[in-house]
Amino acid sequence: MTELTVKERFAFRFIFNEKRVYQRWYGRFLLFGTDYGRLRRVVARVSDWRKWCEVWTAEGDEVYRKAEKALAEGSEGKARALFHEAVACYHAGQHIFFIDSRQKEAGQEKARNSYVQAISLYSDTEKPVRVDIPYRGVSIPGYLRKADTEGRPLIIFVNGMDNIKEAEGHHFGSVFNRQGFNFFTFDGPGQGEMWSSLKFDARDYHKAVSAVIDWFEQQPPCGIDLGRIGLVGFSLGGYLAPEAAARDPRVKCTVGNSGLVYIGGIRGLKELNPIWQRGVTYITGCKTLEAALPQFNYDIEDAPALRTPLLFYHAGRDEVMPAPKTHADKMVNWAKGEKTLKYMEDAEHCTMNYLDEVFPEMLDWFMRELRMQPGQLSSI
């Protein structure tokens, strides 16, 4: 475990608790498949933030064993659901647990293994398809969810600092896939499975997104309309997706949510929530904020102006960054095409307490911008 400062030791022991911190994450945990009852039971067992990953990983192990037992007994539907919930437990455990990369990576690896077990129990037409895209001598790993009708658009989900394709990426894929979209989720440099092979650098992350689109264009005809590509990103992805769209004209429209759109040098990094300061050093592979600065000092205004449609959400009670309204205004001032800002004063990071409104609104917007036939939305 990384050596903690006195301030961090105090915070993790006395300030990090359900009332002050954990309850802010419930929307996200429920989003990627954690049962509410299980969530409350596990959190009640966490006496100290430093035990967070350990406790959740143990819960994931127990759920995984139950999934194996269900599979051995021939209950494939139950097994699939439990393997997915094990993914959710492992992901909850490694969620922003930047103080111990060994525990974090072990939890992610278990999430990946459980996900493989879960999707092996899908029918061939439903099963997410594993894709490995060559990039700078390594691979960008992802999963493709094909629409059941040919000629539909492609939505690409751009991860944030701590998303993984097997958790949020899978849930987002299910939501978009049910509305007739093809959907691709991937771990980019410094994220999830790719962290061990290539670290994050904001200066050229957009090249990884373009490499994904290049790969799709190089495949034999596969029933995806590559003339209608949209990007969506939450948190850090809420910056990365619009920035990548501005640099690649093949992207026709973009949704960003709670993007951290500028840094402001070392002073700006030190104004971030301290746990996300740890995240900056983790995804860049650096030991200090000063060392990470070249890879994590950016400003959306340094990118070419976005000329394609943008829907951008931000949260007035965002706990990750100071002055979220400044970030929101800066993003929409930079975008020069059609743009819509949804600034929600009492929303928390990534509008997690308003997703019942945000998801259907995003889907409607993508359907209009990518010229999908209007129709009754399925339940999300």
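- To the nearest 0.5 angstrom, Gln191 atom CD is 4.5 Å from Asn159 atom CG.
- Classification of Asp148 and Arg178 as a salt-bridged pair fails, no side-chain N sitting under 4.0 Å from a carboxylate O.
- Put simply, CG on Leu355 and OG1 on Thr351 are 5.0 Å apart, with the number rounded to the nearest 0.5 Å.
- Using a cut-off of 4.0 Å between Lys/Arg side-chain N and Asp/Glu carboxylate O, Arg368 and Asp364 are scored as not salt-bridged.
- Atom CE of Met194 is separated from atom OG of Ser196 by 9.5 Å, given to the nearest 0.5 angstrom.
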inquiry  = Could you go through Ser123 and Glu126, starting from their C-alpha distance and side-chain angles, then the distance that decides it, and tell me whether this counts as side chain to side chain donor-acceptor pair (under 3.5 Å)?
reply    = CA-CA 5 Å; Ser123 68; Glu126 293 180 300; 3.2 Å; yes
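- Looking at His314, its side chain does come within 3.5 Å of a backbone N or O of Gly259 through a donor-acceptor pair.
- Through direct or relayed side-chain contacts under 4.5 Å between Ile, Leu, Val, Met, Phe, Trp and Tyr, Leu71 connects to Tyr64, Phe83, Tyr90, Leu121.
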ask   = Hey, mind stepping through Glu59 and Arg45 against side chain to side chain contact (heavy atoms under 4.5 Å, CB included) and telling me if it holds?
value = CA-CA 11 Å; Glu59 185 72 10; Arg45 298 201 296 269; 2.6 Å; yes
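- His91 and Glu168 share a side-chain donor-acceptor pair at under 3.5 Å.
- Between Arg145 and Asn182, every side-chain heavy-atom pair lies at or beyond the 4.5 Å cut-off.
- Residues Phe183 and Leu154 form no side-chain contact, since every pair of their non-hydrogen atoms from C-beta on lies 4.5 Å or further apart.
- Judged by the 6.0 Å and 45° rule, Lys342 forms no cation-pi pair with Phe312.
- Taking every heavy atom of both residues into account, Gly33 and Ala88 meet most closely at C-CB, 3.7 Å.
- Under the 4.5 Å side-chain criterion, counting only non-hydrogen atoms from C-beta, Lys330 is in contact with Asp299.
- Between Glu109 and Arg112 a salt bridge is recorded (basic side-chain N to carboxylate O distance below 4.0 Å).
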key: Worked verdict on Tyr313 versus Tyr343 for ring pair (Phe, Tyr, Trp, His ring centres under 6.0 Å)   = CA-CA 6 Å; Tyr313 294 88; Tyr343 187 77; over 10 Å; no
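- Put simply, the side chain of Phe359 reaches to within 4.5 Å of the side chain of Leu31, judged on heavy atoms.
- The two residues Leu310 and Gly256 come nearest to each other via the heavy atoms CD1-N, 4.4 Å.
- Cation-pi check for Lys336 over Trp334 is not met; the charged atom does not lie both under 6.0 angstrom from the ring centroid and within 45 degrees of its normal.
- Here the shortest heavy-atom pairing between Val232 and Ala241 reads C-CB, 4.1 Å.
- Hydrophobic cluster membership differs between Phe216 and Tyr143, with clusters built from Ile, Leu, Val, Met, Phe, Trp and Tyr side chains linked at under 4.5 angstrom.
- Within the 3.5 Å criterion, the main-chain N or O of Gln103 finds no donor-acceptor partner in the side chain of Gln94.
- Aromatic ring orientation, Phe200 versus Tyr205: tilted (interplanar angle from 30° to 60°).
- Asp225 and Arg228 are joined by a salt bridge, as a carboxylate oxygen and a charged side-chain nitrogen come within less than 4.0 angstrom of each other.
- Put simply, the side chain of Gln108 reaches to within 4.5 Å of the side chain of Ile164, judged on heavy atoms.
- Salt bridge Arg50/Asp100: absent, no basic N to carboxylate O contact under 4.0 Å.
- In plain terms, the two heavy atoms of Ile266 and Glu290 that are nearest each other are CD1-N, 3.8 Å.
- Of the N and O atoms on the side chains of His170 and Thr185, not one donor lies less than 3.5 Å from an acceptor on the other residue.
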inquiry  = Test side chain to side chain contact (heavy atoms under 4.5 Å, CB included) on Phe366 and Phe176; report intermediate values, then the result.
reply    = CA-CA 10 Å; Phe366 272 122; Phe176 278 87; 3.6 Å; yes
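- With salt bridges taken as basic N to acidic carboxylate O contacts below 4.0 Å, none links Asp346 and Arg317.
- Side chains of Thr57 and Glu54: no donor on one and acceptor on the other come within 3.5 Å.
- The shortest distance between side-chain heavy atoms of Met331 and Ile300 falls below 4.5 Å.
- Salt bridge absent: Lys66 and Glu85 never bring a charged side-chain N and a carboxylate O closer than 4.0 Å.
- The CD1 atom of Ile213 lies 6.0 Å from the CG atom of Leu231; values are rounded to the nearest 0.5 Å.
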task = Check the pair Met161, Val280 against side chain to side chain contact (heavy atoms under 4.5 Å, CB included), reporting the backbone distance first and the verdict last.
result = CA-CA 8 Å; Met161 184 178 286; Val280 169; 4.1 Å; yes
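- Under the ring pair (Phe, Tyr, Trp, His ring centres under 6.0 Å) test applied with Phe172, the options Phe32, Phe181, Phe186, Phe234 reduce to a single match, Phe234.
- Arg247 is listed as a side-chain neighbour of Pro304, based on a closest heavy-atom distance under 4.5 Å.
- Side chains of Val175 and His171 form a contact here, defined as non-hydrogen atoms less than 4.5 Å apart.
- In this structure, CZ on Arg40 lies 13.5 Å from OG1 on Thr34, to the nearest 0.5 angstrom.
- If you run side chain to side chain contact (heavy atoms under 4.5 Å, CB included) between Phe296 and each of Thr281, Asp201, Thr284, only Thr284 comes through.
- When all heavy atoms of Asn273 and Glu319 are compared, the closest pair comes out as ND2-O, 3.1 Å.
- Across all non-hydrogen atoms, the minimal contact from Ala86 to Gly60 is CB-O, 3.8 Å.
- For the pair Arg80 and Tyr122, the distance from NZ or CZ to the six-membered ring centre is under 6.0 Å and the angle to the ring normal is within 45 degrees.
- For the 3.5 Å distance criterion, the side chains of Arg278 and Tyr282 fail to qualify, holding no donor opposite an acceptor.
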request  = For side chain to side chain contact (heavy atoms under 4.5 Å, CB included), just list the numbers for Val358 and Met344, CA-CA rounded to whole Å, side-chain angles, deciding distance to a tenth of an Å, and then say yes or no.
outcome  = CA-CA 10 Å; Val358 169; Met344 308 176 81; 4.1 Å; yes
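- The distance from the CD1 atom of Ile229 to the CD1 atom of Ile224 is 9.0 Å, given to the nearest 0.5 Å.
- Put simply, the residue from Trp49, Phe29, Trp56 that forms a ring pair (Phe, Tyr, Trp, His ring centres under 6.0 Å) with His95 is Phe29.
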